[in-house]
Amino acid sequence: MYLQHFGLGEAPFSLTPNTGFFFGLAPHVEALQVLQTALQTGEGFIKVTGEVGTGKTLICRKLLNDIPKRFHCAYLPNPYLTPDELRWAVALELGLKYSANIDQQQLTTLIQQQLIALSAHGHSIVLVLDEAQALPDESLEALRLFTNLETESRKLLQVVLFAQPELDERLRLNKFRQLRQRISFSYQLRSLTHGETSAYLSHRLQIAGYTGQPLFSLADSKRIAKAARGIPRLINILSHKALLLAFGEGQPVVSPHHVRAAINDTEDAQQILTTKRWWLGAISVASILSIVAWRWFVGVSV
């Protein structure tokens, strides 16, 4: 809606993880360095955890895009699978052709043979799971058994887990001690600092094509960082709403009241106003967004 108003070529604060907007923030770069080092050493399990919205899926996609060609990657974006479903999914990702009538033991044998064949051709095989905290207990154990497949000198399969902190809590249980001991490298994503948030906003706007005066002042960037608790997804939501509100008022840059209204209109953001003033902010946002929607509709109709 506001792209033309601010001279943007694309939406700068989309919630879709887009590696084209990847910015070399310290926690994201460190996570990638840990992943790259661990994959080079050929160890079994690698784990990256972080709160919701801290950029795990973006790092996952960046890893898949930039991983050297000698690695053969199998990617499971939704690991809420039973052990049987997990084996079928891994077999499919490895390019196996099989009959639906085979049993699980036969399927496991075929997977092992495929891993050996790929390894013989110089491939290192990596299984990447996003949202790994969703794995049922039985599937976590099945995953551990996959890493038992090895030659005398190396593992046939490496596993990279991207997960919310709930996975760490589960792995502390005694029944997961064998899996826990096989995690050779791990990294926990942290939230962004105020300075990193300001640089993050500027970077995304620049990638989106913005060339004018700063749209967000340092003070407003700090307000957004504090309200979002440094979580990139919330930073994107608040920044997008602030731009919508500035556009709705026909303003060339974002003002503090736009940021405050955006914060108080976002449920998971850290509120900065009293309850009474929060309702006033919410009404203001609703009113301005209705104007934004009308301006957009008229523009499309014309």
Side-chain angles (χ1 to χ4, degrees), residues 10-41 43 45-69 71 73 75-79 126-134 158-168 183-210 214-216 218 221-240 268-270:
E10 57 183 313
F13 300 112
S14 170
L15 297 185
T16 302
N18 183 348
T19 56
F21 280 91
F22 182 82
F23 186 38
L25 295 164
H28 295 174
V29 171
E30 289 169 4
L32 283 169
Q33 289 173 341
V34 168
L35 289 166
Q36 291 162 358
T37 299
L39 290 174
Q40 292 294 336
T41 61
E43 298 295 337
F45 276 90
I46 310 154
K47 175 172 61 71
V48 174
T49 56
E51 282 292 346
V52 175
T54 50
K56 297 183 298 297
T57 299
L58 178 65
I59 294 171
C60 179
R61 293 186 180 181
K62 183 70 173 173
L63 174 69
L64 293 173
N65 288 347
D66 297 347
I67 198 166
K69 291 184 178 180
F71 287 94
C73 282
Y75 173 54
L76 300 182
N78 178 20
V126 182
L127 176 61
V128 179
L129 295 94
D130 201 2
E131 303 292 349
Q133 76 282 345
Q158 293 176 270
V159 179
V160 180
L161 303 173
F162 289 91
Q164 294 171 21
E166 289 85 344
L167 179 63
D168 288 328
I183 298 173
S184 53
F185 289 85
S186 63
Y187 186 85
Q188 184 172 8
L189 286 169
R190 63 167 173 80
S191 57
L192 305 187
T193 65
H194 293 166
E196 288 170 340
T197 298
S198 179
Y200 175 82
L201 295 177
S202 297
H203 171 78
R204 292 190 72 97
L205 286 166
Q206 182 181 5
I207 294 297
Y210 184 71
L215 289 180
F216 295 88
L218 289 177
S221 297
K222 185 176 181 178
R223 288 188 187 95
I224 290 173
K226 182 178 180 180
R229 305 184 301 282
I231 298 174
R233 181 180 296 163
L234 280 175
I235 291 171
N236 283 7
I237 291 172
L238 296 177
S239 301
H240 170 64
D268 198 32
Q270 180 177 317

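The backbone N or O of A38 lies less than 3.5 Å from a partner atom in the side chain of T41, making a donor-acceptor pair. Of the possible donor and acceptor atoms, none in the side chain of T19 sits under 3.5 Å from a partner among the backbone N and O of F22. S198 contributes no side-chain N or O that, together with a main-chain N or O of H194, makes up a donor-acceptor pair within less than 3.5 Å. Looking only at distances, no side-chain donor or acceptor of T16 sits under 3.5 Å from a matching main-chain atom of N18.
Side-chain contact between I237 and F13 is absent, with no heavy atoms from C-beta onward closer than 4.5 Å. Counting heavy atoms from C-beta outward, D168 and K47 have side chains that approach closer than 4.5 Å. Between E166 and T49 there is no side-chain heavy-atom pair separated by less than 4.5 Å. By the 4.5 Å heavy-atom criterion applied to side chains, Q40 and F71 are counted as neighbours. Between I235 and L201, the closest side-chain pair of non-hydrogen atoms falls below 4.5 Å. Here the side chains of L35 and I59 are in contact, with some heavy-atom distance below 4.5 Å. Counting only heavy atoms from C-beta outward, the side chains of S221 and Y200 never approach each other to under 4.5 Å. You'll find the side chain of P12 stays beyond 4.5 Å of the side chain of Y210, heavy atoms only.
Note: F162 CZ to L76 CG = 13.0 Å, rounded to the nearest 0.5 Å. In this structure, CD1 on I231 lies 11.5 Å from CG on L189, to the nearest 0.5 angstrom. Summarising the geometry, atom CD1 belonging to I183 is positioned 7.0 Å from atom CG belonging to L167; distances are rounded to the nearest 0.5 Å. Between R223 atom CZ and K226 atom NZ the span is 10.0 Å, to the nearest 0.5 Å. The CG atom of L127 lies 11.5 Å from the OH atom of Y75; values are rounded to the nearest 0.5 Å. Q133 CD to L161 CG: the interatomic distance, rounded to the nearest 0.5 Å, is 10.5 Å.
The list of side-chain hydrogen bond (donor to acceptor under 3.5 Å, both in side chains) pairs with a residue in residues 53-62, not counting sequence neighbours, reads T57-D130, K62-D66. Pairs engaging residues 228-240 under the salt bridge (Lys or Arg N to Asp or Glu O under 4.0 Å) rule: R229-D268 [sequence neighbours left out].
The two atoms that bring Q158 and I46 nearest to each other are NE2-CD1, 4.3 Å, heavy atoms only. Here the shortest heavy-atom pairing between I207 and G20 reads CG2-O, 3.8 Å. Heavy atoms only, all atoms of each residue included: P79 and L129 are closest at CB-CD2, 3.7 Å. Of all heavy-atom pairs spanning P165 and G50, the tightest one is CD-O, 3.3 Å.
Aromatic ring orientation, H203 versus F23: parallel (interplanar angle below 30°, classes split at 30° and 60°).
Remark: Q164 CD is packed, more than 12 non-hydrogen atoms of other residues, nucleotides or ligands lying under 6.0 Å away.
A side chain to side chain donor-acceptor pair (under 3.5 Å) with R190 is found for one member of E196, E51, E30 and no other, namely E196.
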